[in-house]
Amino acid sequence: MIRRLLARLMPGGSRVARDPKIYGPADHPVRRDQLSGGANQVIRRLQDAGFKAFVVGGAVRDLVLGIAPKDFDIATNAEPEQVKPLFRRAFLIGRRFRLVHVHVGAETLEVSTFRAPQGDEAADEHGRLLSDNVYGTQAEDAARRDFTINALYFDPATEEIWDYVGGVADIRARRLKLIGPPTTRYREDPVRMLRAVRLAAKLGIAIEAKTAAPIVKLAPLVGNVPPARVFDEMQKLLLSGHAAESLKSLRAHGLAHGLLPLLDVALEQPLGQRFIDLALANTDQRVREGRGVSPAFLFATLLWHEVLATWTASKGRGERSIPALFAAMDAVLERQAKQIAIPRRFEATIKEIWSLQPRFEQRSGQRPHRLLEHPRFRAGWDFLELRGQSGELEGEFADLPAWWDRFAHAGPDERESLLQPDAGGAKRRRPRGRGRKRSGEPTPPGADDVTAV
Ligand code: ATP
Ligand code: MG
């Protein structure tokens, strides 16, 4: 009770001032015309109705750092029921903590009411906050945010930045610092550990020593966070354009283990590590060039070496190649679902990319032509190229990526000349029924038993 009272009186601990330090337009580079039209409009309407309203969070931080913000979040002292009637297209979102989504043209602005940090009783046994739904003052709203540089408020009317937590100084010093005591703040929400790594990599700044120190010990708490939330955060991290660096940092802080245990397996072997490094470098480059990136492709790369290990082991036990691959894919995705809830819509694509891989090995008859027509051919081919670059493809398959490059770009006659002779026309002459097997596939020991099932 007393702790709760103290928390309300001194939100975020002693680092939070009751009155903000106000930076005028001469003291910082942010200007109102850098906000989107929608952000300016929504704030003006709220202010005209007598409320306080600011741009807050990532957008202010990015603008101070000279980075173009992804979106503009708005914080106000108006409660959702007071915000909604001010706009023609406004929708109440969320059950526990309600926000208002205001649509202006093609833009959606998230308007949230200043909220207070919660007391002890709203936490689980590890200190994780289970709800977060009490309105509060602006100082309290600053205190419940994660990092000092994420708790700045910009008022477009005056072009002032209001700073309750020393965020402007930290931006200038290029350091990422949690508001309040780091251990408590990570226990309240372990996702903040992932955010620390992601934001430091994205912004090119350092995690301050006290903020970094507890992560190694608390990393396993990420396992208590609902997998869907971890997936969202991982997706942001992987598509940030700084995935390679983020992953390196996750590993250095012991976070890769709690998060993607299967990834550890891949990273233990040089081949797997090389494959993932290449995939992430490739993704980062695409993001930075503004080209599309498929999350499914990315997750397919992150989990591939686990599939490969499971698949190879099954084949070693005598299982047939293709059924063993499908079983390995299911097993890996199922295990991973406990840590990260990869949405079903991605799962289908991930499986397609994996299951196309053995089909690239078939270079005779009609099969290569049919593979070219497959809707996921391009993704499967890109994946094959990564496997080649990482050194995974050996022996008769070492030239597969080059062969497919020629085949895909060749005219009809040249394609025919590139095809390898069908293995004795096995397709037509093969006996039907029991004992049938795909041509070109070696017979593993005990395969007949498996086939007979
Ligand atoms: P990005 O540029 O990647 O969107 P962001 O800081 O804007 O980074 P959001 O997830 O959009 O990240 O969150 C918006 C704001 O909400 C943050 O700037 C921060 O103030 C607050 N916030 C987000 N996540 C947390 C959290 N886990 N704990 C406390 N505050 C948070
Ligand atoms: Mg944001």
Side-chain angles (χ1 to χ4, degrees), residues 11-13 15-16 35-36 39 54-76 93-94 97 99 101 107-118 122-123 127-133 136 138-154 161-167 170-171 176-182 184-205 207 211 215 218 221-222 224-226 228-243 246 287:
R15 288 189 46 77
V16 182
L35 308 188
S36 65
F54 299 83
V55 175
V56 68
V60 185
R61 172 200 72 208
D62 289 352
L63 286 171
V64 175
L65 284 166
I67 300 173
K70 277 201 315 247
D71 44 34
F72 295 90
D73 294 330
I74 292 166
T76 177
I93 306 289
F97 186 83
L99 311 163
H101 277 183
E107 240 188 292
T108 301
L109 288 303
E110 194 169 287
V111 180
S112 52
T113 307
F114 294 147
R115 88 180 91 141
Q118 284 280 282
R128 184 167 69 92
L129 285 183
L130 299 173
S131 70
D132 187 13
N133 61 353
Q138 190 174 354
E140 288 175 319
D141 188 71
R144 61 105 190 156
R145 292 177 185 275
D146 46 8
F147 303 100
T148 61
I149 65 173
N150 279 350
L152 299 174
Y153 300 78
F154 175 72
I161 289 179
W162 291 26
D163 179 5
Y164 292 84
V165 292
D170 288 337
I171 291 188
L176 191 69
K177 189 193 267 180
L178 268 173
I179 300 167
T184 314
R185 300 306 314 276
Y186 290 138
R187 284 187 179 280
E188 282 173 5
D189 182 5
V191 166
R192 290 173 185 149
M193 294 186 267
L194 305 179
R195 289 177 57 82
V197 164
R198 173 171 71 83
L199 290 173
K202 165 181 161 162
L203 305 171
I205 66 177
I207 307 177
T211 297
I215 297 182
L218 298 179
L221 293 180
V222 176
N224 303 333
V225 176
R229 238 193 116 208
V230 179
F231 176 82
D232 285 347
E233 195 56 37
M234 277 305 282
Q235 180 164 297
K236 275 192 179 182
L237 183 148
L238 292 170
L239 302 180
S240 65
H242 303 272
S246 297
V287 172

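Please read these numbers as outputs of a predicted model, since none were measured by experiment. For ligands, and for the atoms within them, numbers begin at 1 and follow the listed sequence.
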closest protein heavy atom to atom 6 (O) of ligand 1 is Arg61 NH1, 2.9 Å

Report yes if some N/O of Asn150 lies less than 3.5 Å from some N/O of ligand 1; otherwise report no. yes

Pair up each side-chain donor or acceptor in residues 62-74 with any protein partner under 3.5 Å, not counting sequence neighbours, and list the distances.
none

Which residue and heavy atom of the protein sit nearest atom 12 (O) of ligand 1, plus the separation: Arg195 NH2, 3.2 Å

Should you measure from each heavy atom of Lys70, which atoms of ligand 1 turn up under 4.0 Å away? 1 (P), 2 (O), 3 (O), 4 (O)

Atoms of ligand 1, numbered as shown, that sit under 4.0 Å from any heavy atom of Gly57: 18 (O)

Within reach of ligand 1, part of Asp73 (heavy-atom separation under 4.0 Å): side chain

Classify the angle between the aromatic ring planes of Phe114 and Phe54 as parallel (below 30°), tilted (30 to 60°) or perpendicular (above 60°). tilted

What do you reckon, does Leu199 have a nitrogen or oxygen under 3.5 Å from a nitrogen or oxygen of ligand 1? no

With a cut-off of 4.0 Å, which atoms of ligand 1 are near a heavy atom of Asp189? 26 (C), 27 (N)

Within-4.5 Å side-chain heavy-atom neighbours: Leu35 and Phe154: yes

Hey, does Arg198 sit under 4.0 Å from ligand 1 if you only count heavy atoms? yes

Within the 4.0 Å heavy-atom cut-off, what Asp146 brings close to ligand 1 is both

Can you sort out which atoms of ligand 1 are near Arg144, meaning under 4.0 Å from one of its heavy atoms? 29 (C), 30 (N)

Between Leu199 and Phe147, is any pair of side-chain heavy atoms under 4.5 Å apart? yes

Tell me which donor-acceptor pairs under 3.5 Å the side chains of residues 231-241 have, and how far apart each pair is, sequence neighbours excluded?
residue : atom : partner : partner atom : Å
Glu233  : OE2  : Arg198  : NE           : 2.8
Glu233  : OE2  : Arg198  : NH2          : 3.4
Ser240  : OG   : Leu237  : O            : 2.8
Ser240  : OG   : His242  : N            : 3.0

When you measure from the heavy atoms of Arg229 to every atom of ligand 1, does any distance fall below 4.0 Å? yes

Taking all non-hydrogen atoms of both residues into account, name the closest pair between Ala75 and Arg145 and its distance. CB-NH2, 4.4 Å

Give the residue and atom name of whichever protein heavy atom lies nearest to atom 16 (O) of ligand 1, and the separation in Å to one decimal. Arg145 NH1, 3.6 Å

